[in-house]
S.K.: 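Have a look at this one.
Protein chains get the first letters and strands the later ones, always in sequence-line order, with residue 1 at the start of each.
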There are 2 protein chains.
Amino acid sequence: MEQLKLENQICFPFYAISRLITRAYQPHLESLGITYPQFLVLLVLWEKDGQTVNQIADKLILNTNTITPLLKRMEQLELVSREKSKEDERKVMVNLTRKGQKMQVEAACIPDELLTKLAGKDIQREDLSEMKNQLNHWIALIK
Amino acid sequence: MEQLKLENQICFPFYAISRLITRAYQPHLESLGITYPQFLVLLVLWEKDGQTVNQIADKLILNTNTITPLLKRMEQLELVSREKSKEDERKVMVNLTRKGQKMQVEAACIPDELLTKLAGKDIQREDLSEMKNQLNHWIALIK
DNA sequence: TTTAATTATATCGCTTACGATATAATTTCT
DNA sequence: AGAAATTATATCGTAAGCGATATAATTAAA
């Protein structure tokens, strides 16, 4: 059954690379005391502080049952605060704490460090950039 | 900080697409009573039955602490059997059961069904095939 | 041939990830 | 206004995924 060979699947490389990337980030994030999904939440909030749970979930394409406990752990780490919106009490506003804001400075170099490491393995920035655009296009189509 | 925008990350689209693919497979696999990682294990065993835990882990780029409980659950589902190798008692041989073998027939159409669905969203097989090759190349480089 | 190192797998603890379901606040409908 | 529907978030249960560590079998070294 040729169509069932692992080698012929498009799904597997995405699954594998996703995990390999998380592994590659891990040592860099460990020194900050955060995980990869927590880093993604920070990326969203650094770009625009003060977003609702749903806004963050939408951007990361995650469900609230994933993001709620994640945000609670980040609250424990004192990276974010969560409080009900005054206008609409169903909404929970998530804000960066001072600590969460400051972490941006330390994190700023991480993406570049990883790109440099990949360049050493003959994976160039232009290739990654092209790939990124292609993938973002597909995500928009299938989301 | 331009380099920290979610939009500019290459890591995020991989993370997102990987989960979107798992979600896309889910309804197809649900009727078989298996999960996406379990499906990947079956792909590996359908290709070559009777492999050790490590051989399967290597092919899926997973650690034994992920694959061992996964295989145990598949044993519960009576999809595979696990028994110590006679030559080397440290090794555990994983074999498909009759049920695990038979499932290949029902699963054979799934990849094609998903490709057809993607074609409807303007994602063509040639593009995916090219992407697959590119990604497999990268995996080999960074693994 | 004991001892030490290596190999193969498993266990533990914690963090995602998500389907199903619950709860409370807000809107919409009648 | 009061009931019904919708929206926003949370809770529960289960399955990954992985670092750290443990255990047993095999191999290498002294």
S.K.: Report yes or no: is the cationic atom of A/Arg23 (NZ for Lys, CZ for Arg) under 6.0 Å from the centre of the six-membered ring of A/Tyr25, at an angle within 45° of the ring normal?
M.R.: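 No, A/Arg23 does not lie over the aromatic ring of A/Tyr25.
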
S.K.: Let me spell it out: for each of A/Thr66 and B/Leu70, pick the nucleotide of DNA chain D with the closest heavy atom. Which residue's pick is nearer the 5' end?
M.R.: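 So the residue in question is A/Thr66.
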
S.K.: What nucleotide among D/dA15, D/dG19, D/dA25 has an atom nearest to a side-chain atom of A/Gln26?
M.R.: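 Side chain of A/Gln26 sits closest to D/dG19.
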
S.K.: Do A/Leu32 and A/Ile110 pass the side-chain contact (heavy atoms from CB on, under 4.5 Å) test, and can you show the C-alpha distance, the side-chain angles, and the key distance before you say yes or no?
M.R.: CA-CA 11 Å; A/Leu32 301 181; A/Ile110 297 178; 3.9 Å; yes

S.K.: Please tell me which of A/Tyr15 and A/Thr64 maps to the more 5' nucleotide of DNA chain D, matching each residue to the nucleotide holding its nearest heavy atom.
M.R.: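 On the 5' side of the pair lies A/Thr64.
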
S.K.: What nucleotide among D/dT9, C/dC18, D/dG17 has an atom nearest to a side-chain atom of A/Lys91?
M.R.: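 Nearest to the side-chain atoms of A/Lys91, counting from C-beta on, is D/dT9.
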
S.K.: Can you find a donor-acceptor N/O pair under 3.5 angstrom joining the side chain of B/Asn63 to the base of D/dG19?
M.R.: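 Such a pair does not exist between side chain and base.
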
S.K.: Should the pair B/Trp46 and B/Phe39 be assigned to parallel (<30°), tilted (30 to 60°) or perpendicular (>60°) ring geometry?
M.R.: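 The arrangement is perpendicular - the two ring planes meet at more than 60°.
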
S.K.: Does any donor-acceptor pair link the side chain of B/Arg90 with the base of C/dT7 at a separation under 3.5 Å?
M.R.: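 Answer is yes: a donor-acceptor pair is held.
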
S.K.: Not counting sequence neighbours, which residues clear side chain to side chain donor-acceptor pair (under 3.5 Å) with B/Gln38? List them please.
M.R.: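 With neighbours one apart ignored, the set is empty.
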
S.K.: Could you check how far NZ of A/Lys72 sits from C1' of D/dT9, rounded to whole Å?
M.R.: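 So the NZ-C1' distance, A/Lys72 to D/dT9, works out to 10 Å.
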
S.K.: Remember a base hit wins even if backbone is also touched, and classify A/Ile67 as base, sugar-phosphate or nothing at under 4.0 Å, heavy atoms.
M.R.: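 The answer is nothing, as A/Ile67 stays clear of every strand by at least 4.0 Å.
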
